[in-house]
Amino acid sequence: LDDVCIKMADGTDSGFSEGQPSAPVGSSEPLSPDMDPLNITTSTVDLEESLDMGAETPLDCGPTPRSFYTLFSDIEGDSKSAGDDITTLTQTTLAGLRLDDALASDVHDLFVTVDDPEKHITNMESYITYRVTTKTTRSDYDSHEYVVRRRYQDFLWLRERLEATNPTHLIPPLPEKHSFRRLDRFSPEFLKTRQAALQKFLSRIVDHPTLSFNENLTIFLTAKELASHRKQAQGIMGKMGSSMRNMAAGYMLKNRSPEYATMQEYVNTFGAKMGTIDRINQRLLKEMMDYLQDLREFGPVFTLWSNSETELAPAMLGMAAGVEKCEKALEQQISDQEHVFAPPVKEYILYAEAMKAVLKRRDSIQMEYELTIEELNRKRNDREQLKVSDQSYSLGAFLGKDPEEVRQQKRTKLDSQIEELLKQVEVNNDQVECANADLKADLERWHRNKRRDTKEVFTELCDRNIQYYQECLSAWEETLQQINQKSELETSSTLATPSSSCPATPTLATPTTSITPPLPATPTKEGAEGETTEGQDGMQ
């Protein structure tokens with residue numbers, strides 16, 4: 001196993017070429033830093049990338065037992081023989097290794113369901129509990145099914161414990177306690193939204209390859225009561241100390257990798273963008289609720305108007321019906337906007353804050369590593385200066401000791417301190433490598449979930465808006481059709497009225513006899529023309 005670690009950590013073609021014997025297991029030959037088995041995961045990914053074996057897989061801290069089992073199952077020979085050579089690690093073997101790991105990650109053996117909110121009333125408080133049902137086939141569980149009831153504070157305890165025991169992993173955030181409209185925390189709408197958020201929280205945890213095996217999660221899913229376990233939570237002073245140490249790490253860190261500086265900048269930008277979306281969504285919700293109130297006052301106006309205008313009553317009632325349909329459609333749109341779109345946006349705002357906290361804890365680990373290296377270098381410089389320093393004026397010499405004896409005592413003490421610091425440097429280096437691997441793996445998993453969730457949320461938002469505007473358009477088209485039908489009926493009724501109900505218009509009959517007035521005796525020419533004109537005007 002150590003031999004495979006060394007070869008995979010090397011990551012070069014020569015380490016896996018045919019005919020090169022492996023070092024015997026248990027060899028006392030020291031390992032160089034670049035052949036540290038703890039670097040196996042990163043080196044293996046680099047090796048697989050050089051072989052063009054597909055997309056990059058999430059990093060993890062060290063190899064998994066399943067991966068080594070698959071590896072040794074593909075290598076023939078007696079595993080008990082320490083001198084056997086691993087001569088070839090072909091591309092097919094690595095492909096099978098990745099395929100087995102991918103299949104193993106898709107196999108789910110732990111299922112958790114959150115449902116059935118129930119209200120509890122005591123002398124001191126009222127609260128809601130949720131039924132948490134667990135079904136599993138894992139051997140570390142005594143039973144295959146558990147049913148417990150948990151309240152919000154229990155979920156909060158679980159997240160705190162996961163964060164304390166896995167400081168370099170990204171712990172999914174919990175939903176906020178209040179909604180935008182400050183709904184009653186016992187209302188069905190609020191309970192439904194809270195239940196869905198808690199379900200998503202636990203689903204993300206049980207799907208995590210590391211967090212799903214945490215003992216605190218097992219206690220949360222199986223224990224009947226959590227009162228005794230919640231007493232073991234970290235105190236306020238401990239939380240404040242951790243927060244101050246993580247905050248100081250950001251200022252004291254000297255050699256932050258550009259990769260993590262870019263990651264920090266991305267998280268800050270992402271959190272700011274999601275915060276802007278959330279604020280705009282809240283303003284939209286407020287405007288829609290104001291518009292809904294206006295519609296509720298607008299509809300009754302037409303209904304009351306129809307009581308005093310009998311001729312306009314059908315049109316007024318049609319308008320009232322259209323406003324009522326738009327009001328119901330808007331109510332549904334507000335509910336969808338608040339309970340479907342807003343929760344994922346708020347969740348990823350909290351995710352951004354969780355990512356910032358993980359990066360601070362990672363910086364704190366690297367800061368301890370750098371401080372240990374600085375202390376080691378300082379002790380080494382002290383040991384070098386001790387060789388040429390004069391100990392005749394040291395405190396030990398004044399107390400009567402021989403200067404050489406004082407020098408030897410100081411050298412022995414420095415050697416011991418340097419040896420301890422070397423061990424501490426190795427431990428801190430391993431912690432930094434594990435923190436980097438955990439953070440990269442969780443960040444890759446977070447990006448996948450973010451892309452999937454964003455697509456689902458935005459698709460749902462588009463569908464809901466299309467449905468809302470289609471309902472409003474249909475309502476107004478129906479109202480317009482009713483008004484047009486009423487106008488057509490009135491027009492046809494008006495045209496049919498003269499032949500049926502109205503009295504006949506008298507017509508002028510042509511007279512059979514004409515009365516000729518007497519003519520003057522001898523009219524002049526001008527007078528005759530004037531009379532002729534007046535007669536024509538009168539006839540006209």
*asked:* So, taking the atom named CG in N307 and the one named CZ in F302, what distance separates them when rounded to the nearest 0.5 Å?
replied: 14.0 Å
_Salt bridge present between E163 and R361 (N-O < 4.0 angstrom)_ = yes
_Just checking Y469: does its OH atom have more than 12 heavy atoms from other residues, nucleotides or ligands closer to it than 6.0 angstrom?_
no
_Test salt bridge (Lys or Arg N to Asp or Glu O under 4.0 Å) on K440 and E259; report intermediate values, then the result._
CA-CA 10 Å; K440 290 179 181 179; E259 178 183 5; 3.5 Å; yes
*Do N166 and N214 touch side chain to side chain, with heavy atoms closer than 4.5 Å?*
yes
*Rounded to the nearest 0.5 Å, how far apart are CZ of F341 and CG of L284?*
9.0 Å
*Nearest atoms (heavy-atom pairs only) where Q195 meets D116*: OE1-N, 4.1 Å
*Which heavy atom in A223 sits nearest to a heavy atom in L226, and how many Å separate them?*
CB-CD2, 4.1 Å
*asked:* Looking at Y130, I'd like to know if the NZ or CZ of R151 sits under 6.0 Å from its six-membered ring centre while staying within 45 degrees of the ring's axis.
replied: no
*Side chains of F201 and V114: closer than 4.5 Å at any heavy-atom pair?*
no
*Please report the closest heavy-atom contact between T372 and V425, naming both atoms and the distance.*
CG2-CG2, 3.5 Å
_Is there a side-chain contact between L443 and R445 in this structure, where contact means two heavy atoms from C-beta onward sitting under 4.5 Å apart?_
no
_Is there a side chain to side chain contact (heavy atoms under 4.5 Å, CB included) between H208 and H169? Walk through the geometry before answering._
CA-CA 10 Å; H208 196 280; H169 281 288; 3.6 Å; yes
*Is Y291 reaching over with its side chain to a backbone N or O of K286, donor-acceptor style, under 3.5 angstrom?*
no
*Mind checking whether D453 and K450 have side chains closer than 4.5 Å, heavy atoms only?*
no
*Please lay out, stage by stage, how E478 and K325 fare under the test salt bridge (Lys or Arg N to Asp or Glu O under 4.0 Å).*
CA-CA 11 Å; E478 183 178 352; K325 292 178 181 179; 2.6 Å; yes
*Counting only N and O atoms by type, is there a donor-acceptor contact under 3.5 Å from the side chain of S126 to the main-chain atoms of T122?*
no
*Looking at A435 and R362, what are the two nearest heavy atoms and their distance?*
CB-CG, 4.2 Å
_From Q333 atom CD to C472 atom SG, the distance as rounded to the nearest 0.5 Å_ = 9.0 Å
*asked:* Any non-hydrogen side-chain atom of V132 less than 4.5 Å from a side-chain atom of L221?
replied: yes
*Steps toward ring-ring contact (aromatic ring centres under 6.0 Å, His included) verdict (H339, F190)*: CA-CA 9 Å; H339 302 295; F190 180 80; 8.9 Å; no
*Do R150 and F220 meet the cation-pi criteria used here (NZ or CZ under 6.0 Å from the six-membered ring centre, within 45° of the axis)?*
yes
_T479: side-chain contact (heavy atoms from CB on, under 4.5 Å) partners, not counting sequence neighbours_ = M319, W476, I483
_Other residues, nucleotides, ligands: >12 heavy atoms within 6.0 Å of E145 CD_ = yes
*For the pair E327 and L292, evaluate side chain to side chain contact (heavy atoms under 4.5 Å, CB included) and give the outcome as yes or no after the intermediate values.*
CA-CA 6 Å; E327 176 187 338; L292 177 62; 3.6 Å; yes
*Distance (rounded to the nearest 0.5 Å) between D154 CG and R149 CZ*: 11.5 Å
*Pair D463-Q467, side-chain donor/acceptor within less than 3.5 Å*: no
*Min side-chain heavy-atom separation V148-T222 under 4.5 Å*: no
*asked:* Using every non-hydrogen atom in the two residues, find where A475 and G322 come nearest and quote the distance to one decimal.
replied: CB-O, 4.1 Å
*So, are K356 and E353 salt-bridged, with charged N and O less than 4.0 Å apart?*
yes
*List the steps and the verdict of salt bridge (Lys or Arg N to Asp or Glu O under 4.0 Å) for R204 and E347.*
CA-CA 12 Å; R204 295 190 189 278; E347 179 189 14; 3.1 Å; yes
*Assign the ring pair F270 / W446 to parallel, tilted or perpendicular, where the plane angle (0 to 90°) is split at 30° and 60°.*
perpendicular
*Look up atom CG in D142 and atom OG1 in T136, then write down how far apart they are to the nearest 0.5 Å.*
11.0 Å
*Hey, mind stepping through D336 and Q332 against side-chain hydrogen bond (donor to acceptor under 3.5 Å, both in side chains) and telling me if it holds?*
CA-CA 6 Å; D336 295 338; Q332 184 63 39; 3.0 Å; yes
*Does the pair R283/E287 count as a salt bridge with the N-to-O cut at 4.0 Å?*
no
*asked:* So, taking the atom named CD in Q366 and the one named CG in N428, what distance separates them when rounded to the nearest 0.5 Å?
replied: 11.0 Å
*Taking the side chain as every heavy atom from C-beta outward, state whether P344 and T454 have any pair of such atoms under 4.5 Å apart.*
no
*Answer yes or no: is there a donor N or O on one side and an acceptor on the other, between the side chain of S474 and the main chain of Q470, under 3.5 Å?*
no
*asked:* Could you work out, with side-chain hydrogen bond (donor to acceptor under 3.5 Å, both in side chains) as the rule, every residue matching R451, not counting sequence neighbours?
replied: none
*asked:* Any donor-acceptor pair under 3.5 Å linking the side-chain atoms of T129 with those of H120?
replied: yes
*How close do E176 and L350 get, heavy atom to heavy atom, and via which atoms?*
CG-CD1, 4.2 Å
_What I want to find out is whether D363 reaches K360 closely enough, with some N-O distance under 4.0 Å, to be called a salt bridge._
no
*Going by heavy atoms in the side chains, are L198 and F155 under 4.5 Å from each other?*
yes
*Is it true that Y351 and Y348 have ring centroids separated by less than 6.0 Å?*
yes
